[in-house]
Amino acid sequence: MLRTHTCGQLRSEHIGQEVTLCGWVESKRDHGGSVFIDLRDRYGLTQVVVGPPEADSELIDTAGRVGTESVILVRGKVAPRLEGKINDKLDTGEVELRCEHYEVLNACPTPPFTPGQQELPGEDLRLKYRFLDLRRTAMLRSLELRSRIIKIMRDYFAEHDFIDVETPILGRSTPEGARDYLVPSRVHPNSFYALPQSPQLYKQILMVAGFDRYVQIAKCFRDEDLRADRQPEFTQLDMEMSFVDQDDVIGMIEGLVKRTAKELTGEELSLPLPRMTWDESMRRFGTDAPDLRFGMEIVDITSIAAEVEFRVFRGAADSGGFVRGIRLEGQATEFSRKRIDELTDYVKKDFGAKGLAWFRVEEDGSLWSPTSKNFSAEHLQQIGAALEAQPGDLLLFLADTWEVTCKGLAGLRKRLGAELKLYDERAMSYSWVTNFPMFERDEEEQRWVAMHHPFTAPLPEDLEKLASDPAACRAQAYDLVINGSEAGGGTIRIHDGKIQQQVFELLGIDEQTARDRFGFLLDALKYGAPPHGGIALGVDRWVMLFAGLDNIREVIAFPKTQKASDLMTEAPGEVDAKQLQELHLRTVKV
RNA sequence: GGCGCGGUAGCUCAAUUGGUUAGAGCCCCGGACUGUCGAUCCGGAGGUUGCGGGUUCGAGUCCCGUCCGCGUCGCCA
């Protein structure tokens with residue numbers, strides 16, 4: 001080692017020792033007669049003093065000219081800080097290193113930004129110079145946290161007899177689900193591998209193989225548009241268990257959640273975690289991933305709306321739609337017309353709502369709105385009562401299809417919850433959403449599509465609905481929700497070839513197609529498949545949520561931009577004509 | 001693909017209704033300084049206002065196109 005200690009290590013007990021430190025020049029204070037250098041490495045910051053009597057004027061001069069972010073080595077004795085000069089902002093603030101020997105290991109030209117600077121540079125710059133950005137303490141902490149979380153996960157599953165198995169990255173494209181990333185085959189002209197969207201099929205095969213408990217920290221790839229919490233390549237903790245039901249899988253994960261919460265936040269969670277069915281979640285929160293850190297639940301007033309004169313409400317109710325609303329406690333006077341117009345714009349543009357109806361609750365408890373003359377006093381009173389309105393509240397309503405009211409109100413609730421700071425940002429909320437529907441209707445293509453994936457088992461009591469009423473058929477599927485974010489999702493799988501066949505039929509996958517695409521799985525299910533199920537946890541999201549961040553890129557060392565490029569390596573890039581030729585590919589001008 | 005925000009000095013930002021030579025802080029360069037820790041003081045350098053076109057006597061500012069970054073909807077079994 002070039003060094004004897006790290007920059008975060010020295011304390012008063014080291015006073016008098018001769019030590020060598022290596023690190024980056026975080027900052028420099030040049031007084032002419034002596035120079036103070038803050039030397040930084042991963043472990044901390046130590047003040048180095050280059051001055052008399054240890055250093056001669058030439059050394060002082062040299063040190064005074066060192067550039068920020070240069071890598072240097074300094075040797076000297078640890079000395080106490082002068083009387084009253086202790087820096088309690090630093091762990092090493094009681095001491096300093098009096099430099100006797102100084103070496104520049106690598107000089108740094110003026111960097112585009114420095115890790116220690118006050119204002120955070122633009123994100124594009126941070127991504128281009130990620131090696132500088134990663135020197136920032138905040139990035140270091142995020143990635144340390146990530147490392148800790150992954151270790152907790154690995155330890156936990158190892159203790160519970162899970163086998164860590166690696167599954168292939170080069171696989172076969174499965175047309176269901178997200179868009180695949182494709183890799184052309186050199187050996188097989190016109191054929192392509194697909195990068196895994198998840199190790200789903202492999203882990204089921206491992207269950208058939210009798211592995212009983214499988215786990216993997218798996219990279220997954222989906223060629224879909226990005227979001228603040230979504231990257232095209234991401235990490236899942238993927239697991240699968242045999243001879244289990246939904247409660248077994250949930251119980252296993254709850255143990256992990258409890259341990260993680262305990263180790264990271266010190267919070268002692270009481271299990272089991274709250275559970276809610278999908279139906280209930282949509283009814284109360286309009287989303288399958290409700291943020292339970294605050295209330296502001298959705299209230300349905302369709303039955304009242306059906307009676308009123310106001311056309312927007314009655315029209316929605318008469319045409320099979322819904323009128324649902326939320327209550328903003330004490331916000332009547334806080335929300336100007338302009339602010340309400342902004343919210344109206346938001347629900348129109350983002351969720352296709354036709355408008356946003358609102359009422360102010362007056363001092364006497366009566367409801368007022370620009371449209372209140374279209375309501376009888378009695379109806380207004382009923383609406384107020386339904387939402388438990390108090391004087392000073394603001395009530396917001398959407399009158400639309402079930403779907404639009406769900407999405408719009410869930411959007412409003414999420415946005416307003418954050419804007420009005422209705423919850424403690426450090427608070428964590430964990431819960432399960434269960435009993436998802438098996439199928440969704442794809443109106444464009446006029447067919448059923450699997451809500452989770454085509455291997456999801458229906459609830460035993462809904463088995464006959466597969467044939468009679470697919471829309472009402474519920475699945476043995478469960479999502480873990482943390483702070484309104486989907487932090488994981490899993491299912492019990494179909495282990496019966498006949499039921500699998502039935503699901504494929506319903507999805508419009510005929511026997512031949514099923515055989516072509518999933519023949520190996522159907523074979524495996526035939527040759528002695530145990531009942532099995534599992535879950536995949538979004539590792540990046542876990543880290544993001546436990547770090548209290550709202551952006552997944554902050555917990556990934558080398559993330560991609562919204563257009564899926566890497567600004568540092570400039571991936572993706574063009575390739576040589578020769579490479580294309582070997583792959584039997586030709587590009588087309590766009 | 002839609003909607004929205006942004007792009008001005010190396011960095012973070014400002015620039016009135018379209019009007020003088022596009023400013024400030026930080027950084028950088030030179031000088032001063034025996035204790036600073038956001039050092040201080042003096043002086044200085046630094047600009048194709050993302051790119052292309054248009055309107056205008058005059059464009060950082062208005063219009064059209066385009067590229068890039070961010071947010072969001074669609075999308076994400």
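Below, chains carry the letters A, B, ... as their sequence lines are ordered, and counting in each starts from 1. Note that these values count all heavy atoms, side chains included, but never hydrogens, waters or copies made by symmetry.
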Residue from A:Arg126, A:Arg141, A:Arg541 passing salt bridge (charged side-chain N to carboxylate O under 4.0 Å, His left out) with A:Glu554 = A:Arg126

So what does A:Gln197 touch, heavy atoms closer than 4.0 Å: a base, only the sugar-phosphate, or nothing?
-> nothing

Does B:rG74 have OP1 or OP2 sitting under 4.0 Å from an N or O in the side chain of A:Lys407?
-> yes

Phosphate contact (B:rG69 OP1 or OP2) by A:Thr561 side-chain N/O below 4.0 Å | yes

Is any NZ, NE, NH1 or NH2 atom of the basic residue among A:Glu100 and A:Arg75 found under 4.0 Å from an Asp or Glu carboxylate oxygen of the other?
-> no

Tell me the partner of B:rC51, counting only Watson-Crick (N1-N3 plus N6-O4 or O6-N4) or G-U wobble (N1-O2 and O6-N3) with both under 3.5 Å; none if nothing fits.
-> B:rG65

Phosphate oxygens OP1/OP2 of B:rC28: is one of them under 4.0 Å from a side-chain N or O of A:Thr68?
-> yes

Taking the side chain of A:Glu224 as its heavy atoms from C-beta onward, which of B:rU36, B:rU72, B:rC76 lies nearest to it?
-> B:rC76

Span that lies between the P atom of B:rU36 and that of B:rC41, in whole angstrom = 14 Å

Taking the six-membered ring for Trp, are A:Phe455 and A:His453 parallel (under 30°), tilted (30 to 60°) or perpendicular (over 60°)?
-> tilted

Using the P atom in both, what is the distance from B:rG23 to B:rG46, to the nearest Å?
-> 13 Å

Whole-Å distance, A:Lys28 NZ to B:rC37 P, equals 16 Å

Can a donor-acceptor pair under 3.5 Å be found between the side-chain atoms of A:Asp124 and the base atoms of B:rG7?
-> no

Which part of the nucleic acid, if any, lies within contact of A:Thr174, taking any heavy atom under 4.0 Å across all strands shown: a base, the sugar-phosphate backbone alone, or nothing?
-> nothing

Quick one: A:Ile552 CD1 to B:rC76 C1', roughly how many Å, whole number?
-> 12 Å

Using atom P of each nucleotide, how far apart are B:rG44 and B:rA39 to the nearest Å?
-> 23 Å

Would you say A:Lys89 reaches B:rG38's phosphate, i.e. side-chain N/O to OP1/OP2 under 4.0 Å?
-> yes

Rounded to whole Å, OH of A:Tyr346 lies from P of B:rC5 at a distance of 16 Å

Can you tell me if the side-chain N/O atoms of A:Arg553 get under 4.0 Å from OP1 or OP2 in B:rG71?
-> yes

Quick one: A:Asp345 CG to B:rU72 P, roughly how many Å, whole number?
-> 18 Å

Watson-Crick or G-U counterpart of B:rU56, or none if no pair lies under 3.5 Å | none

Which part of the nucleic acid, if any, lies within contact of A:Asn551, taking any heavy atom under 4.0 Å across all strands shown: a base, the sugar-phosphate backbone alone, or nothing?
-> sugar-phosphate

Is the ring centre of A:Phe36 under 5.5 Å from the base ring centre of B:rU36, and are the two planes under 30° apart, so that they stack?
-> yes

Watson-Crick or G-U wobble mate for B:rC3, both contacts under 3.5 Å | B:rG71

Inspect the contact between A:Glu123 and A:Arg553 and indicate whether a charged nitrogen and a carboxylate oxygen are less than 4.0 angstrom apart.
-> yes

For A:Gln562, which contact category applies under a 4.0 Å heavy-atom criterion: base, sugar-phosphate, or nothing?
-> base

May I ask you to evaluate whether A:Thr114 reaches the phosphate of B:rC26, defined as a side-chain N or O under 4.0 Å from OP1 or OP2?
-> no

Expressed as a whole number of Å, how far does the P atom of B:rG60 sit from that of B:rU8?
-> 15 Å

Nearest-Å distance once atom P is located in both B:rG6 and B:rG10 = 22 Å

Separation of A:Leu412 atom CG from B:rC73 atom C1', in whole Å?
-> 14 Å

Distance, C1' atom - from B:rU72 to B:rU49, rounded to whole angstrom | 28 Å

Taking the inter-plane angle between the rings of A:Tyr181 and A:Phe221 on a 0 to 90° scale, is it parallel (under 30°), tilted (30 to 60°) or perpendicular (over 60°)?
-> perpendicular

Taken to the nearest whole Å, CG/A:Asp223 to P/B:rG74 is 18 Å

State whether the distance check finds a donor on one side and an acceptor on the other, under 3.5 Å, for side chain A:Arg230 versus base B:rC75.
-> yes

Integer-rounded Å distance: B:rU12 C1' and A:Arg136 CZ = 14 Å

Closest non-hydrogen atoms of A:His5 and A:Leu21, given as atom of the first, atom of the second and distance, are O-CD2, 3.3 Å

Between atom CG in A:Leu120 and atom P in B:rC13, what is the gap in whole Å?
-> 9 Å

Give a yes/no on whether any side-chain N or O of A:Lys85 is located under 4.0 angstrom from OP1 or OP2 of B:rU36.
-> yes

Decide side-chain hydrogen bond (donor to acceptor under 3.5 Å, both in side chains) for A:Gln216 and A:Thr167; before the verdict, give the C-alpha distance in whole Å, the side-chain angles of both, and the deciding distance to 0.1 Å.
-> CA-CA 8 Å; A:Gln216 181 182 195; A:Thr167 54; 3.0 Å; yes

Check whether any side-chain heavy atom of A:Leu398 sits under 4.5 Å from a side-chain heavy atom of A:Leu356, and report yes or no.
-> yes

Using a heavy-atom cut-off of under 4.0 Å over every strand shown, decide if A:Leu90 touches base, sugar-phosphate, or nothing.
-> nothing

Under 4.0 Å: is that the gap between some side-chain N or O of A:Arg29 and OP1 or OP2 of B:rU36?
-> no

Checking all strands, does A:Arg179 fall into the base, sugar-phosphate, or nothing category for heavy-atom contacts under 4.0 angstrom?
-> nothing

Any strand: nucleotide that pairs with B:rC33 via Watson-Crick or wobble, under 3.5 Å | none

Touch check for A:Gln117, heavy atoms < 4.0 angstrom, all strands: base, sugar-phosphate only, or nothing?
-> sugar-phosphate

Select from A:Asn87 and A:Leu127 the residue whose nearest nucleotide in RNA chain B is closer to the 5' end of that strand.
-> A:Asn87

Any N/O donor-acceptor pair, A:Gln118 side-chain to B:rU12 base, under 3.5 Å | no

Looking across every strand, which nucleic acid part, if any, lies under 4.0 Å from A:Glu83 by heavy atom: base, sugar-phosphate, or nothing?
-> nothing

Between A:Asp124 and A:Leu567, which heavy-atom pair has the shortest distance, and what is it?
-> O-CD1, 3.5 Å

Candidate nucleotides B:rC11, B:rG2, B:rC27, ranked by approach to the side chain of A:Leu125 - the nearest | B:rC11

Between A:Phe113 and A:Phe351, whichever has its closest RNA chain B nucleotide further toward 5' is A:Phe113

Does the base of B:rC37 carry an N or O that pairs as donor and acceptor with the side chain of A:Arg81 under 3.5 Å?
-> yes

Should A:Asp133 and A:Arg136 count as an ion pair when the cut-off is N to O under 4.0 Å?
-> yes

Nearest-angstrom distance, P atom, B:rA15 to B:rG53 | 28 Å

Proximal nucleotide (of B:rU72, B:rG69, B:rC28) relative to the A:Ala228 side chain | B:rU72

How far, in whole Å, is B:rU17 from B:rU61 if one measures between their C1' atoms?
-> 10 Å

When only distance counts, do a donor and an acceptor, one from the side chain of A:Arg98 and one from the base of B:rG35, lie under 3.5 Å apart?
-> yes

Going by ring centres under 5.5 Å and near-parallel planes (under 30°), is A:His31 stacked on B:rG35?
-> no

